[in-house]
Undergrad: 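Take this structure, written in C-alpha cells, and hold onto it; I'll ask about it next.
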Amino acid sequence: MSEYNFVEIEKKWQNSWEENKLFNVEKNDKPKYYVLEMFPYPSGDGLHMGHALNYTIGDVYARFKLMNGFNVLHPMGYDALGLPAENAAIKSNTHPEDYTNKSITRYISQQKSLGITYDWNRVVNTASPDYYKWDQWIFLKMFEKGLAYQKESAVNWCPLCNTVLANEQVHDGCCWRHEETKVEVKHLKQWFFKTTAYAEELYDDIDGLDWPEKTKAMQKNWIGKSYGTEINFEINNENWPIFTTRPDTIYGVTFMVISAHHKKLWDLVTAEQKNAVQDFLKQLNSVSEKDLETMDKLGVFTGSYAINPVTNEKIPVYAGNFVVADYGAGMVMAVPAHDQRDFEFAKKYNITIKQVIDGLITETRAFTQEGNLINSDKFTGVNSKEAISKITDYLISEGKGRRVVNFKLRDWGVSRQRYWGTPIPIVHCEKCGAVAVAEKDLPVALPREVKFGEGNPLLTNQDWVNTSCPKCGGKAKRETDTMDTFVNSSWYYLRYADSKNNEKIFDSEKANYWCPIDQYIGGAEHACMHLIYIRFYTKFLADLGLINFREPAKKLFHQGMLGGEGGIKMSKSKGNVIAPETVSEKYGIDTARLFLLSLASPDKARDWSDKGIQGSLKIIMRIFEYFEKNTFDQNFIDSKGIQSKINKTIKEVTIDIEEFKYNLAIIKLRQLFEYFENQQISKSTANNFLKLLAPICPHIAEELWHKIGNKDFISVATWPKCDESKIDEQLEKIEMVVSSLRLDILKIKELAKIEQIKKVKIFVAPDWKWTALSIVQDACKERPDFNIAIKALMANDEMKSHGGEIQTLLKTIISKYTDFFEIKKFDEYQMLLDAKTELEKEFGVVEIIKAETSAEAKAKSAFPTKPALLVE
RNA sequence: GCAGGGGUUCCCGAGCGGUCAAAGGGGCAGGACUUAAGAUCCUGUGACUUAGUGUCUUCAAGAGUUCAAAUCUCUUCCCCUGCACCA
C-alpha cells in the first residue's frame, strides 16, 4: 500500500493542470463567471498564510463554479508600485524595480504551489509601463473632462529629508528616519480627481449592490450625504458660505472655527495673532485626520471676526485642529450650547455659551436634542425641527443662504511626491502652464537613474525632468508628482479581460463579456477607499463609453484575518509569520487548505495553530487510506442509508459553498466520510464524494479520482446533482433511534449482568399527544401530581403558584406547543417498528409493546419521554 | 474622538426566539490495541443525579420584552477594522 506522499502528489497535479491548460480561459458558449481576489502588493517578505487563506477562499469558489458549468475567469496580478519598495531603496539601497521584480518572482512561485486555478496567461503587473501607460491614459481623459485638476493641499513635511512623508512615515509627530525631527505641515499644489462629481451616483447605487450590509453602511457613511443649509457669514468684508445641518441654532453661534489646514487660513490671521497661530500650527505635526481626531481639541484665535447674518453680532474666528479642511467650507459655525464638541471647545477657551433651545445644559453636557427655540428673535417658541426649514426659508428670502446637499466624500488627492508610482503625464510650460502629454507619447516611463533619500527622487534626474512643451515646443518641465497607487488598483480588474492589448486599454467587447466581477473577495479594510475608487473609475470609464456597466463587482465577500499562533498578530517583527511553503512541505497544501477553511467561517478571523493542522492531516490520511483499501464497483448498490446521506450531503454542501460557509461544508463532508468509512460504497458515490471534496482539497481529490479509474480531470468534472427522492430523513432518524436503543440495551445488559440476551421488550405510549394531555388533566385534579406534570411539560416554575385556574390556560398552551414538546414521541414509535428488524439482527427477539391507554403509560413510568426497556 | 463590526462552554468556533447543556475541531481524561512509545479506534468532557432520567448553573455584565431568550430591545465594559499619503 502506497503512503500519502503529498509533496509528490501535489506537484504532479499542479504540473498536469498547467500542461493541460485547464484554467486558461477564453470566451465560449458557457455562461461566464468572474472570481477575483484583490491582488497583492508584492512585499519583500513574501507571501504568508494569510494571503494563502484569501486566495484559497477564492479558489474554492472558482473551482465550485467551474464544476458547475461556468466559464470561470480567475486571474492574478500584482499591485507592484508603492511605498515599501521605495523605503527599501532608501534604507538598503536596492532599486525599487529590482526589489519589486524579485518579490513578484517569489510571489508567483509561492502562489503556484497553492494549487490555485489562476489563468497565468493574464497576469498584470502595475509597475510595468505596459500597464501604467493606461493609468496615464485615463488621467489624460480625466484631465480632458475637467475631472483631474490642481489645488493646494496640506502634506507632512520632514525638513531633514526635505521631502513629503506619508502618514505611515510619521511616528508620534516625528519623521520615521529622524526620530527627533518634528514633522511640519506644508501646503503644496497637488493633483486631484473630482470623485465628488460622482458622489450622488456612488451613494445611490450602493442600494443595488449585493455586498455585505456593513460594507454598504460604511460606504454610505463615508460618502456622507446630508441635507443642510449654506449660510453666508461675512468676514473682513468677504463672504464665507458656511454649511450646517442645524440652521435652527443660528442665533446661538458664538464663534467660528476654520480648519488649521485651510488654504485661506492666513487671509484671516491678523498681525497681532500671527505668532500665536504660527505656534499653534507648529504643534500640528501630522495631516492625518486620525491623529487630529484623537488629539485634544485645540484652537487659537485668528484675530478676525465674522458677522452673524441674523443678529449682526461680531463673533470671533478660531483656527482649530478638529475641522476638516475639505468638508463644506472648511469652516464651521459653532453653537456651544447645542453641540458637544463646540461646548467643550468653548469651555476650554472661555467663549460665551448662548442657549437658543429650551433644555437642560449642565456643566459638562450641551443640550443636543429637539426643543423649542428661545432667544431667537421672531423664531422664539418655534420647535427646533420646524425651525430648520423656517430659518432656512428666511435666510433664502434675505439672500443670505440656500439649501444644499453636502457630501462628506472629498476629491481624491492623487499626487505623491515619490518615485515608485505612475508618473503624471503632464508637462509644465512656462508659457502654457500645465499641458497634457500627447497620447502617442505615452507611456511617460519612470527613469531608472535617480537618487533616493533626499527630496523627490524624480527631481534628481534633470534629463528626465527637462523637456519641451507639447503645445508650443518651448522649454518645459515634467510633472514630478506620481500617482497614488490606488489609481492602479482602480481598474485592474478590467485589464485582466484583455491583459496583453498594446493598442487599447482593453477591448470593450472582451471587457463587457467578462466583467463586471461576479464575485470579488478581499479584506474589509478596503471597504471605504479602494472599493469607492474602483466604483468611481468604473463609472468614469462607462461614461467614456468603454464599458456597458457602471458597477465593478456584483458580489463582494470579506475574508477574515489570519492571526498567528495563540492569537498574536502575524508580523515579521514578532517572528511568527507562517510561510505557505513550510506548511506544504510539512503537511501538504491540501491539508493546509482544509485546516484554514475548517477553522472558522471564511469571513471570521481565525488563528494559525500547529497542533490544529494535525487534525486536518489525520482526516485526509484516513480518506486516502480508505480509497487505497477499497475498490469501487459501478454495479454495487449502496445501502439506503448511504444513498440518503450522500444526497443530503450534496444538497447541503452545494448550498454551503455557494454561501461561503466552507467550514460547515467541511463538517458535513467529514460526517459523510465517517458514516461510510467502514462500509463499501459504489463507484458513483465514491466519485461524488471526491467531487464534493475537490474544491477544498483539489490535489488529493484529483489523485484519488484517477486512482479509482477515472480518466478525465476531477477539477473540471461536473458537480454532483442531488437526488431529493433518495433523501430519507425518517431513515436517518431511525438510525439514530436504533443506535441509541442499542447503546441502552448494551448498558442494561452490562449492569444487569446478562450473559446472553434472550428477549428485548420496548414499551411505548402510542398516542403521546393525547396521553400527555390526559395525564395533565388527571394531574390537575389532584394537587400532588400537578406540579410534576406541569413542570415536565412547561418547565415553568411560576405556573406552580397559580393553582386550579391555570387549567384552561394549560390546555391552550398544550395544544399550541405540544408539537414542540411531544409529538415527535409518536414518530419515534413508528420508527421503532422500522428499527425492530435492525435490532433483531443483533439481539434476537425484539418485542414492541404498545401501552394502550394513558393509565397504562403512566404505569410504566411517571413520564416516559423515551421508550421503556425491559431486557431479559 | 467619529464610523462600522464583534464578545458562546478548557481553547478555536457553529448556532441567531422553542427539538440548546448548545454542531464540528483541538486539547484533556478513561478504555481497546501494543513489550513500550507512537499511530488508530471507542467513550467521556458545566454541576449533582438515573438503567433510561431529572434538577440546577451557563453563551461579556446589568436591566427589559415573551408562556419561552445564546438568539429580540436598552445601558455599560472590553476587543477588532477604517478614518482619506500603508496597500
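Side chains included, hydrogens not; waters and symmetry mates left out as well; all remaining heavy atoms used. Numbers restart at 1 for each chain; the letters A, B, ... are given by sequence-line order, proteins then strands.
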Undergrad: Measure the distance from CZ on Phe595(A) to P on C12(B) and round it to the nearest whole Å.
TA: 13 Å

Undergrad: Could you check whether the side chain of Gln190(A) and the base of C85(B) have a donor-acceptor pair of N or O atoms closer than 3.5 Å, going by distance alone?
TA: yes

Undergrad: Rounded off to whole Å, could you give me the CD1-to-C1' distance for the Ile532(A) and A84(B) pair?
TA: 10 Å

Undergrad: Mind checking who G4(B) pairs with, Watson-Crick or G-U wobble, both distances under 3.5 Å?
TA: C80(B)

Undergrad: Quiz question: going by heavy-atom distance under 3.5 Å, is there a donor-acceptor pair between the base of C85(B) and the side chain of Gln417(A)?
TA: yes

Undergrad: Which of these nucleotides, C86(B), C85(B), A87(B), is closest to any side-chain atom of Asn156(A)?
TA: C85(B)

Undergrad: What's the CD-P distance between Glu344(A) and C2(B), to the nearest Å?
TA: 9 Å

Undergrad: With rounding to whole Å, what would you report as the distance between A21(B) and U58(B) at their C1' atoms?
TA: 8 Å

Undergrad: Between His530(A) and Tyr492(A), how do the two ring planes meet: parallel, tilted or perpendicular, split at 30° and 60°?
TA: tilted

Undergrad: Which nucleotide, in any strand shown, forms a Watson-Crick or G-U wobble pair with U45(B), with both distances under 3.5 Å?
TA: G27(B)

Undergrad: Taking OP1 and OP2 of A84(B), is either one under 4.0 Å from a side-chain nitrogen or oxygen of Ser288(A)?
TA: yes

Undergrad: In whole Å, I'd like the distance from the CD atom of Glu289(A) to the P atom of C85(B).
TA: 9 Å

Undergrad: Taking 4.0 angstrom as the limit, do Arg410(A) and Glu289(A) come out as a salt bridge?
TA: yes

Undergrad: How is Val170(A) classified with respect to the nucleic acid when contacts are heavy atoms under 4.0 Å: base, sugar-phosphate, or nothing?
TA: nothing

Undergrad: Give a yes or no answer on whether the side chain of Tyr99(A) reaches the backbone of Gly44(A) with a donor-acceptor pair at less than 3.5 Å.
TA: yes

Undergrad: Please pick, from A3(B), A87(B), G82(B), the nucleotide with the shortest atom-to-atom distance to any side-chain atom of Trp222(A).
TA: G82(B)

Undergrad: Grab the CG-P distance between Asn125(A) and A87(B) for me, whole Å please.
TA: 15 Å

Undergrad: Could you tell me the separation between the SG atom of Cys158(A) and the CH2 atom of Trp176(A), rounded to the nearest 0.5 Å?
TA: 10.5 Å

Undergrad: Check every atom of C83(B), G4(B), U81(B) against the side chain of Met218(A) and return the nucleotide holding the closest atom.
TA: G4(B)

Undergrad: Using the C1' atom as the point on both nucleotides, what is the distance between A14(B) and A63(B), in whole Å?
TA: 28 Å

Undergrad: Considering only side-chain heavy atoms of Ala217(A), which listed nucleotide, A87(B), G4(B), C85(B), is closest?
TA: G4(B)

Undergrad: Got a salt bridge between Lys216(A) and Glu213(A), using NZ or NE/NH1/NH2 to carboxylate O under 4.0 Å?
TA: yes

Undergrad: In whole Å, what separates the C1' atom of A61(B) from that of G7(B)?
TA: 11 Å

Undergrad: Could you tell me whether the side chain of Phe322(A) reaches within less than 4.5 Å of the side chain of Val257(A), counting heavy atoms only?
TA: yes

Undergrad: Could you check whether Glu184(A) pairs with Lys186(A) (Lys NZ or Arg NE/NH1/NH2 to Asp/Glu carboxylate O, under 4.0 Å)?
TA: no

Undergrad: Indicate, with a heavy-atom threshold strictly under 4.0 Å, whether Phe322(A) touches base, sugar-phosphate, or nothing.
TA: nothing

Undergrad: For the pair Phe660(A) and Tyr662(A), evaluate ring-ring contact (aromatic ring centres under 6.0 Å, His included) and give the outcome as yes or no after the intermediate values.
TA: CA-CA 5 Å; Phe660(A) 285 96; Tyr662(A) 299 164; 5.7 Å; yes

Undergrad: Scan every strand shown for a Watson-Crick or G-U wobble partner of U65(B), both distances under 3.5 Å, and answer none if you come up empty.
TA: none

Undergrad: Could you work out the separation of U8(B) and U71(B) based on their C1' atoms and round it to a whole Å?
TA: 11 Å

Undergrad: Suppose you measure atom P in U76(B) against the same atom in G4(B); what distance do you get, rounded to whole Å?
TA: 15 Å

Undergrad: Taking C-beta and beyond as the side chain, do Leu556(A) and Leu531(A) meet within less than 4.5 Å on heavy atoms?
TA: yes

Undergrad: Tell which nucleotide pairs with A32(B), taking only Watson-Crick or G-U wobble pairs whose two distances are both under 3.5 angstrom.
TA: U40(B)

Undergrad: Among Gln417(A), Gln150(A), Arg416(A), exactly one meets side-chain hydrogen bond (donor to acceptor under 3.5 Å, both in side chains) together with Gln190(A). Which residue is that?
TA: Gln417(A)

Undergrad: Rounding to a whole Å, what distance do you find between Asp342(A):CG and C2(B):P?
TA: 14 Å

Undergrad: Determine the interatomic distance between C1' on G31(B) and the same-named atom on C12(B); round to the nearest Å.
TA: 27 Å

Undergrad: How many angstroms lie between OG1 in Thr163(A) and CH2 in Trp157(A), if you round to the nearest 0.5 Å?
TA: 6.0 Å

Undergrad: Return the nucleotide paired to U53(B): Watson-Crick means purine N1 to pyrimidine N3 with N6-O4 or O6-N4, wobble means G-U with N1-O2 and O6-N3, both under 3.5 Å.
TA: none

Undergrad: Between Asn488(A) and Thr126(A), is any side-chain donor less than 3.5 angstrom from a side-chain acceptor?
TA: no

Undergrad: Classify the nucleic acid contact of Trp412(A) as base, sugar-phosphate or nothing, counting any heavy atom under 4.0 Å across all strands shown.
TA: nothing

Undergrad: Starting from P on C85(B), measure out to CZ on Arg418(A) and report it in whole angstrom.
TA: 10 Å

Undergrad: Which of these nucleotides, A87(B), G5(B), A3(B), is closest to any side-chain atom of Lys214(A)?
TA: G5(B)

Undergrad: Compare every heavy atom of Val183(A) with every heavy atom of Cys174(A), then report the nearest pair and how far apart it is.
TA: C-CG2, 3.6 Å

Undergrad: Kindly give the atom pairs (protein nitrogen or oxygen, nucleotide nitrogen or oxygen) under 3.5 Å for nucleotides 22-32 of chain B.
TA:
none

Undergrad: So Lys408(A), base contact, sugar-phosphate only, or nothing? Heavy-atom distance under 4.0 Å.
TA: base

Undergrad: Counting only side-chain heavy atoms from C-beta out, which of A3(B), G5(B), C85(B) sits nearest to Asn167(A)?
TA: C85(B)

Undergrad: Counting the atoms with a prime plus P, OP1 and OP2 as sugar-phosphate, which does Ser43(A) contact under 4.0 Å by heavy atoms, base, sugar-phosphate, or nothing?
TA: nothing

Undergrad: Within the 4.0 Å heavy-atom criterion, would you say Val324(A) contacts the bases, only the backbone, or no part of the nucleic acid?
TA: nothing

Undergrad: Within the 4.0 Å heavy-atom criterion, would you say Gly523(A) contacts the bases, only the backbone, or no part of the nucleic acid?
TA: nothing

Undergrad: Say we look at A23(B) and C10(B): how far apart would their P atoms be, to the nearest angstrom?
TA: 14 Å

Undergrad: Assign each of Arg622(A) and Asp411(A) to its nearest nucleotide of RNA chain B by heavy atoms, then name whichever residue's nucleotide is nearer the 5' end.
TA: Arg622(A)

Undergrad: Can you tell me the distance, in whole Å, between the NZ atom of Lys91(A) and the P atom of C86(B)?
TA: 16 Å

Undergrad: With a non-hydrogen cut-off below 4.0 angstrom, is His526(A) in contact with a base, only sugar-phosphate, or nothing?
TA: base

Undergrad: G4(B), C85(B), U81(B): which one has an atom nearest the side-chain heavy atoms of Glu525(A)?
TA: U81(B)

Undergrad: Could I get a table of every N or O pair under 3.5 Å where one atom is in the protein and the other is in nucleotides 70-72 of chain B?
TA:
none

Undergrad: Give a yes-or-no answer on whether the side chains of Trp412(A) and Asp484(A) include a donor-acceptor pair shorter than 3.5 Å.
TA: yes

Undergrad: Closest nucleotide of RNA chain B for Phe39(A) versus for Cys528(A): which of these residues is on the 5' side?
TA: Cys528(A)

Undergrad: Under 4.0 angstrom, heavy atoms only, what part of the nucleic acid is Lys290(A) near: base, sugar-phosphate, or nothing?
TA: base

Undergrad: Distance check, P atoms only: G24(B) and U35(B), in whole angstrom units.
TA: 34 Å

